[in-house]
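Some notes on the structure that comes next.
Any value given below was found using the heavy atoms of this structure, including those in side chains, with hydrogens, waters and symmetry copies removed.
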Amino acid sequence: MIPFDRAWPYEIMMGDVYVSECPFCHADNILLPLKPSELPDIRDGKKKLLVFPCCYGRVSVIDADADYLLTDTRLRR
């Protein structure tokens with residue numbers, strides 16, 4: 001079971017990966033420096049350092065499914 005406090009929802013729109021809110025600074029509609037073509041590699045076990053462009057908060061993405069990015073950092077309380 002995925003620990004929900006370490007997962008963050010994402011969306012793919014027009015070939016870009018977005019999150020509706022930054023978990024660190026709470027900015028809205030953030031375009032992530034992550035390509036949809038990188039998601040299968042993450043699902044297969046490759047880790048990806050993800051730096052949010054709004055506040056430079058960083059997490060390591062360790063897994064992904066169709067709706068959530070699983071990180072090594074606790075994002076919810």
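Distance CG/Leu34 to CG/Leu69: 6.5 Å, rounded to 0.5 Å. Atom NZ of Lys48 sits about 15.5 Å away from atom CD1 of Ile62, to the nearest 0.5 Å.
Of all heavy-atom pairs spanning Leu31 and Pro53, the tightest one is O-CG, 3.3 Å. Summarising the geometry of Arg76 relative to Pro9, their closest heavy-atom pair is NH2-CD, 3.4 Å, with the distance given to 0.1 Å.
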After noting the C-alpha distance and the side-chain angles of Leu50 and Arg58, does the key distance pass the side-chain contact (heavy atoms from CB on, under 4.5 Å) rule? CA-CA 6 Å; Leu50 180 63; Arg58 359 185 198 171; over 6 Å; no
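For Lys46, the side-chain contact (heavy atoms from CB on, under 4.5 Å) test picks out Asp41, with sequence neighbours left out. Every residue meeting the side-chain contact (heavy atoms from CB on, under 4.5 Å) condition with Ser60, not counting sequence neighbours, appears here in chain and number order: Leu49, Asp72. Scored by the side chain to side chain donor-acceptor pair (under 3.5 Å) test, Glu11 finds no partners at all (sequence neighbours excluded). Residues satisfying the side-chain contact (heavy atoms from CB on, under 4.5 Å) criterion with Phe24, sequence neighbours excluded, are Cys22, Phe52, Cys55, Val59, Leu75. Every residue two or more places apart in sequence or in another chain that forms a side-chain contact (heavy atoms from CB on, under 4.5 Å) with Ile12 is listed here: Tyr10, Val17, Pro36, Leu39.
Proximity of Val61 to Leu70: side-chain heavy atoms (C-beta onward) are nowhere separated by under 4.5 Å.
The side chain to side chain donor-acceptor pair (under 3.5 Å) analysis of residues 13-30, with sequence neighbours excluded, yields the pairs Glu21-His26.
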